[in-house]
Structure formats: structure tokens, C-alpha cells
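Written out below as C-alpha cells is the structure these notes cover.
Just so we're clear, the structure is a prediction, and the values are computed from it rather than from any experiment. In what follows, residues are counted from 1 in the order of the sequence shown.
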Amino acid sequence: MNRPKLRSRFSLVATIGLAIVWVLLWGDLSLGAALWGILVALVIQLLFPLPDVPELRYFRPIGFARLVVVTLWGLSVSSFLVAVKVLAFWRPTQNAIVRVPLRSSSMFITAITAELITLVPGSIALDAGERWVLVHVFDASTPERIERARRSAGDTEATALRAFGTAADRALLEED
């Protein structure tokens with residue numbers, strides 16, 4: 001089994017993030033709590049090194065902000081639609097399992113896409129592989145709704161590619 005190479009370096013972003021979590025957990029915004037938070041963050045990174053994730057080198061804050069906004073919007077809209085479908089109990093829903101092709105061969109992008117699909121109510125990513133994801137669609141009453149679910153999964157991947165994809169991955173978006 002090939003294991004990913006572990007990082008032995010410290011990350012400024014991880015250190016700040018962990019220190020903020022420490023201060024929030026203590027509930028005390030003081031210099032002492034912040035210094036202890038930084039110390040604890042450094043010890044955590046030393047004792048538990050993370051594997052190197054090459055895609056994180058291509059992180060784009062604007063793309064990530066768009067990913068967050070699109071996901072929150074999807075959560076809102078789909079929560080409403082699922083609630084409407086559930087409350088209309090006299091009309092049974094038809095479900096389907098759909099294989100959705102993906103553009104990128106990156107397992108990191110595939111994992112993010114699958115997680116975001118699962119996060120939004122009304123769909124669940126059941127399985128994923130290289131360049132595909134298997135999605136359970138809550139409302140598959142018409143072929144148009146199935147195609148909309150495929151497009152939605154493709155749009156989710158495109159948003160993830162804009163946030164974390166390499167230049168080659170983003171070029172795949174231009175081909176479509």
C-alpha cells in the first residue's frame with residue numbers, strides 16, 4: 001500500500017486556525033490564551049503531521065468563497081424542495097441512482113465533489129471512482145429532473161475545480 005508522504009513542516013494557516021479554535025474553546029480572548037493556542041497548534045502539527053495534498057497549493061480564495069456561497073444557496077433551495085416533496089405525501093417520489101461523469105481525474109476534487117453533493121439535501125453520493133460519481137437522486141420523476149441532477153453534480157465539480165483545481169483542471173472547464 002502506498003502511503004502519502006507526511007509533511008514535517010508547520011503551516012501558518014493551520015497554526016492560526018488551531019489557535020483561534022483554542023481561544024474559542026477557552027472563551028477567553030487574552031494574550032495568554034492566544035499564546036497557549038499557538039503553542040498547542042505547533043505541538044499538534046509536530047505530533048500529527050498531515051499528508052501532503054498537492055491540490056491545496058492551487059487554493060484560490062475567490063473560488064473558495066464562490067464554493068461556499070453556491071453550497072449555501074444549494075442547501076437553502078434543496079431544503080425547501082425536499083420539504084415540499086415530503087409534505088406532499090399523497091404524491092410518491094421516484095428515486096434513482098445516476099452515474100455522473102466527472103471532468104477531473106483528481107481524487108481530491110472527486111472527494112470534495114462527493115462531499116458537497118451529499119451535503120445538499122435530496123442527493124447522496126454513494127460511490128466515486130476516477131472520473132465518476134454515483135449519486136442517489138431524491139426526485140427522479142422525469143428524465144428532465146434526472147438530467148438536472150447530473151448537471152447539478154457537474155456544476156458542483158466545476159465549482160470545486162475553480163476553488164482547488166490546477167490550471168490543467170480549469171482548462172477542462174473551458175472545453176465544455
Checklist entry - Taking it one step at a time, do V135 and L126 satisfy side-chain contact (heavy atoms from CB on, under 4.5 Å)? => result CA-CA 6 Å; V135 178; L126 301 172; over 6 Å; no
Side-chain contact, heavy-atom cut-off 4.5 Å: [X] with [Y]?
X: L173; Y: L161; result: yes
X: D155; Y: V70; result: no
X: L46; Y: F10; result: yes
X: T110; Y: L102; result: yes
X: W22; Y: L18; result: no
X: I16; Y: L12; result: yes
X: R162; Y: R60; result: no
X: L119; Y: T71; result: yes

Checklist entry - How are the rings of F164 and F64 set to each other: parallel, tilted or perpendicular (split at 30° and 60°)? => result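 The arrangement is perpendicular - the two ring planes meet at more than 60°.
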Next on the checklist: Which heavy atom of E130 sits nearest to which heavy atom of S105, and what is that distance?
Outcome noted: OE2-CB, 3.8 Å
Next on the checklist: Restricting to non-hydrogen atoms, name the atom on A153 and the atom on T113 that form the minimum distance, rounded to 0.1 Å.
Outcome noted: O-CG2, 4.1 Å
Next on the checklist: Under a plain distance cut-off of 3.5 Å, with no hydrogens placed, do T15 and Q45 share a side-chain donor-acceptor pair?
Outcome noted: yes
I need the [X] [atom1] to [Y] [atom2] distance, nearest 0.5 Å.
X: L25; Y: I20; atom1: CG; atom2: CD1; answer: 12.0 Å
X: M107; Y: I112; atom1: CE; atom2: CD1; answer: 11.5 Å
X: I124; Y: N95; atom1: CD1; atom2: CG; answer: 9.5 Å
X: R151; Y: I146; atom1: CZ; atom2: CD1; answer: 12.0 Å

Checklist outcome for this item: The residue among D127, T156, V100 that forms side chain to side chain contact (heavy atoms under 4.5 Å, CB included) with V133 is V100
Next on the checklist: What verdict does the side-chain contact (heavy atoms from CB on, under 4.5 Å) test give for I97 and L134, after you've listed the backbone C-alpha separation in whole Å, the side-chain angles of each residue and the deciding distance to 0.1 Å?
Outcome noted: CA-CA 7 Å; I97 297 175; L134 201 60; 3.6 Å; yes
Next on the checklist: Looking at R170, is its backbone amide N or carbonyl O close enough to the side chain of R103 to form a donor-acceptor pair, meaning the two atoms are under 3.5 Å apart?
Outcome noted: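 Not confirmed, R103 side chain does not pair with R170 backbone.
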Item to check | Side-chain (T118) to main-chain (A125) donor-acceptor, under 3.5 angstrom | outcome: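 Checked: pair present.
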Listed pairs under 3.5 Å, donor-acceptor, residues 73-82 side chains, sequence neighbours left out:
unit_1: S76; atom_1: OG; unit_2: L72; atom_2: O; d: 3.0
unit_1: S78; atom_1: OG; unit_2: G74; atom_2: O; d: 2.6
unit_1: S78; atom_1: OG; unit_2: P121; atom_2: O; d: 3.4
unit_1: S79; atom_1: OG; unit_2: L75; atom_2: O; d: 2.6

Item to check | Selection residues 104-118 - residue pairs positive for salt bridge (Lys or Arg N to Asp or Glu O under 4.0 Å), sequence neighbours left out | outcome: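 Qualifying pairs, neighbours excluded: none.
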Checklist outcome for this item: In short, salt bridge (Lys or Arg N to Asp or Glu O under 4.0 Å) pairs touching residues 131-143 with sequence neighbours left out are K85-D139, D139-R145
Next on the checklist: Take a 6.0 Å sphere around CG of L47 and say whether it holds more than 12 heavy atoms from other residues, nucleotides or ligands.
Outcome noted: yes
Next on the checklist: Hydrophobic clustering (ILVMFWY, side-chain heavy atoms < 4.5 Å, transitive) - are W26 and L39 grouped together?
Outcome noted: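 Yes, it is one cluster - the side chains of L39 and W26 are joined through contacts under 4.5 Å.
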Checklist entry - Please walk me through it: do H136 and S123 pass side-chain contact (heavy atoms from CB on, under 4.5 Å)? => result CA-CA 5 Å; H136 174 269; S123 60; over 6 Å; no
Checklist entry - What do the steps show when you test W36 against V23 for side-chain contact (heavy atoms from CB on, under 4.5 Å), and what is the final call? => result CA-CA 9 Å; W36 272 106; V23 169; over 6 Å; no
